[in-house]
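What follows is a set of notes on a single structure, which appears directly below.
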Amino acid sequence: MKLYNTMTRQKEEFVPIREGKAGIYVCGPTVYDLIHIGNARPMIVFDTLRCYLEYRGYEVNYVSNFTDVDDKIIKRANEEGVDASVISERYIAEARKDMHDMNVREATVHPKATEEIPDMIQMVQTLIDKGYAYEVNGTVYFRTRRFQDYGKLSHKNLDDLRSGNRELKVSGQEEKEDNLDFVLWKPKKEGEPFWESPWGEGRPGWHLECSCMSKKYIGDVIDIHAGGEDLIFPHHENEIAQSEAANGTEFARYWMHNAFLKIDNEKMSKSLGNFFTVREIGEKYPLQVIRFFMLSAHYRSPLNFSDDLVEAAKNGLERILTAVERAEEALKQAEDSQPDDGQIRKVDELVEKYEAAMDDDLNTADAIAVIFELVRLSNTTIGEHVSKSYCEKILDTLELLCGILGIETHREEALLDEEIERLIEERQQARKDKDFARADAIRNELQDKGIVLEDTREGVKWKKI
RNA sequence: GGCGCGAUGGCCAAGUGGUAAGGCAAAGGUCUGCAACACCUCUAUCGCCGGUUCAAAUCCGGCUCGUGCCUCCA
């Protein structure tokens, strides 16, 4: 399997540190509010990566944190007059719910920053002992220039950074040895949560969390480190500096970054008013549609989000789900005959094509195209006098290929209430009596309630939209 | 200013040297009481200019437009 590595800027064959195992760390959200649609992209993309690696036989240790101590959380807590942990706990629970609805599976571990403070203090101490960090008035800074490789991920050189920040320096803190130095530990301010440390009461810097949590739950060297492309600099660059300086070894073998999501072709921002939470979207569409939509483009391409595009994705997904239903219907009528070798082979070829797409840096757009090819194959070959084993093969394969992408192939089982049941029967009677006006009126009435009817040879089918 | 990315049919989107996957939408047709579903048919020479090559959407150079990051935003 080939993966694009941000570090080398090319696709590389994925070779795990330990055969058959993969340690993946994905930077998670800061929990100060409901997660937004932009947060959803890395969650969906890298969950899919995980599924595919597991399908390929890897035992995946998937770690994704919740940043639960941060300025924005504290601000929110002060506004509501509650403890910061009330805010973070609330939004961790909400994030988990949204993730569940998007079929994003639980990570192997979801560490929280506040539960890893001792390890962070330990790492800061190590960095001070090695000369990579220094303390001034209760703040500990990382001595950026001391780390030779700084800038290797984002391909920046320190002097460019420095000139670009000349203006900031005027208003900046003069206590730093160098303007590029970043905070590892900051002293508490009034009303902020804090922890005891050798440098006084305070809290950890943002970058430090991920370095510690990945070390603790995966190891000094991790196979794949992933996140949104905006994290490349400075977050991931700083993580590398901290971890490699402290551990004396390479931090991550492969760096994967997803591109941004735009809304109506503009950058998502609160000021533009085009800021959507996953929860809001979920009220308009099943979140599985959003997952399908996001995987319909390559993860390294910017993806535009708009109602029209989601609507199109929804219709495409419907086609897949309908095909599964048809195949299931066919299976009921199928015969115990020998399947056609040629047809079986075609299905196998599609699976190979799908794997080739996924092996090529997780090309989910191509993988979905293969699923549609399988849908067409199914719709055109499944019918009367088809063998049971062929039907099963089609169904198993559809389920498998969709499953890897986190797409559930069965519509949610919704029970019809008696009223609706009665209306459907009444319509059938009207049709028998050739009272089509009445029949159509009932169909429209049900449609207004979100129930779509389809008259098939096997009887009336319905689905919720 | 520094470091990147992108430009493919009405819309979305694959495709890194051999004459353009797939989806959505639209149109025509088969099926159907009608509709829906499904199936069939139909829609592109790949931003512009030049170069390399037997051959380029795919490689090189230039241009135009758009866009991301440059200290806490996924």
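Here is the naming used below: chain letters follow the sequence lines, and residue numbers restart at 1 for every chain. Basis for what follows: all heavy atoms, side chains included, without hydrogens, waters or symmetry-related copies.
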> Side chain of A:Asn274, backbone of A:Lys267: donor and acceptor closer than 3.5 Å?
Replying inline: yes

> Hey, is the main chain of A:Tyr4 close enough, under 3.5 Å, to the side chain of A:Gln10 for a donor-acceptor pair?
Replying inline: no

Expressed as a whole number of angstroms, how long is the span from [X]:[atom1] to [N]:[atom2]?
| X | N | atom1 | atom2 | answer |
| --- | --- | --- | --- | --- |
| A:Tyr150 | B:G2 | OH | P | 20 Å |
| A:Glu229 | B:C73 | CD | P | 15 Å |
| A:Ile320 | B:A38 | CD1 | C1' | 15 Å |
| A:Glu239 | B:U71 | CD | P | 17 Å |
| A:Lys461 | B:A35 | NZ | P | 19 Å |
| A:Lys267 | B:C73 | NZ | P | 10 Å |
| A:Arg326 | B:C31 | CZ | C1' | 11 Å |
| A:Leu231 | B:C72 | CG | P | 12 Å |

> Can you name the nearest heavy-atom pair linking A:His155 to A:Glu237, along with the distance?
Replying inline: N-OE1, 4.5 Å

>> In dot-bracket form, 5' to 3', how is RNA chain B paired? Count Watson-Crick and G-U wobble pairs only if both distances fall under 3.5 Å, and write | where the partner sits on another strand.
In response: ((((((((.[[[..)..(...]]]..((((.......)))).....[[[[[..)....]]]]])))))))....

>> On the side chain of A:Arg319, is there an atom forming a donor-acceptor pair with the base of B:C37 - under 3.5 Å, no angle test?
In response: no

> Is there a donor and acceptor pair, one atom on the side chain of A:Arg431 and one on the base of B:G33, closer than 3.5 Å?
Replying inline: yes

Minimum-distance nucleotide (side-chain atoms of [X] versus [options]):
| X | options | answer |
| --- | --- | --- |
| A:Ala439 | B:C37, B:G33, B:C69 | B:G33 |
| A:Asp366 | B:A74, B:A21, B:C70 | B:A21 |
| A:Asn315 | B:A21, B:C39, B:C24 | B:C24 |
| A:Arg376 | B:C24, B:C39, B:C34 | B:C39 |
| A:Asp455 | B:G33, B:G2, B:C37 | B:G33 |
| A:Asp230 | B:A74, B:A13, B:C3 | B:A74 |
| A:Lys72 | B:A14, B:A74, B:C73 | B:C73 |
| A:Asp440 | B:A74, B:C70, B:C34 | B:C34 |
| A:Ala297 | B:A13, B:C69, B:A74 | B:A13 |
| A:Lys186 | B:C72, B:A74, B:G33 | B:C72 |

Interatomic distance at [atom1], [N] relative to [M], whole Å:
| N | M | atom1 | answer |
| --- | --- | --- | --- |
| B:A57 | B:A20 | C1' | 8 Å |
| B:U58 | B:G50 | P | 14 Å |
| B:A55 | B:G23 | P | 34 Å |
| B:G17 | B:A56 | P | 14 Å |
| B:A25 | B:C31 | P | 23 Å |
| B:C37 | B:U43 | C1' | 24 Å |
| B:G6 | B:G10 | P | 23 Å |
| B:G9 | B:G15 | C1' | 15 Å |

> Quick one: on RNA chain B, does A:Ala313 or A:Leu453 contact a more 5' nucleotide (nearest heavy atom)?
Replying inline: A:Ala313

> Mapping A:Glu311 and A:Tyr32 onto RNA chain B by nearest heavy atom, which one lands closer to the 5' end?
Replying inline: A:Glu311

Name the orientation class of the two ring planes belonging to [X] and [Y] (parallel below 30°, tilted from 30 to 60°, perpendicular beyond 60°).
| X | Y | result |
| --- | --- | --- |
| A:Phe293 | A:Phe305 | perpendicular |
| A:Trp255 | A:Phe251 | tilted |
| A:His235 | A:His207 | tilted |

Answer with base, sugar-phosphate or nothing: what part of the nucleic acid does [X] contact at a heavy-atom distance below 4.0 Å?
| X | answer |
| --- | --- |
| A:Ala369 | base |
| A:Phe372 | sugar-phosphate |
| A:Ser301 | sugar-phosphate |
| A:His235 | nothing |
| A:Arg443 | base |
| A:His298 | sugar-phosphate |
| A:Arg427 | base |
| A:Met43 | nothing |
| A:Ile371 | nothing |
| A:Gly316 | sugar-phosphate |

Between protein and nucleic acid, restricted to nucleotides 57-59 of chain B and to nitrogen or oxygen atoms under 3.5 Å apart, what atom pairs and distances do you find?
none

> Which residues pass the salt bridge (charged side-chain N to carboxylate O under 4.0 Å, His left out) test with A:Asp223, sequence neighbours left out?
Replying inline: none

>> Among A:Asp47, A:Val45, A:Leu317, exactly one meets side-chain contact (heavy atoms from CB on, under 4.5 Å) together with A:Arg291. Which residue is that?
In response: A:Asp47

> Under the criterion side-chain contact (heavy atoms from CB on, under 4.5 Å), which of A:His225, A:Glu209, A:Glu244 is the partner of A:Glu239?
Replying inline: A:His225

> Can you check whether A:Asn39 has a side-chain N or O nearer than 4.0 Å to OP1 or OP2 of B:A74?
Replying inline: yes

> How about A:Tyr254 and A:Phe14: are their ring centres within less than 6.0 Å of each other?
Replying inline: yes

>> Do A:Asp70 and A:Thr30 pair up side chain to side chain, a donor and an acceptor below 3.5 Å, judged on atom types alone?
In response: no

> Out of A:Phe147, A:Trp206, A:Phe142, which one pairs with A:Phe182 under the ring pair (Phe, Tyr, Trp, His ring centres under 6.0 Å) rule?
Replying inline: A:Phe142

> A:His36 and A:Phe276: ring-ring contact (aromatic ring centres under 6.0 Å, His included), yes or no, with the steps?
Replying inline: CA-CA 6 Å; A:His36 55 73; A:Phe276 295 116; over 10 Å; no

>> Could you tell me if the side chain of A:Thr364 sits less than 4.5 Å from the side chain of A:His298, heavy atoms only?
In response: no

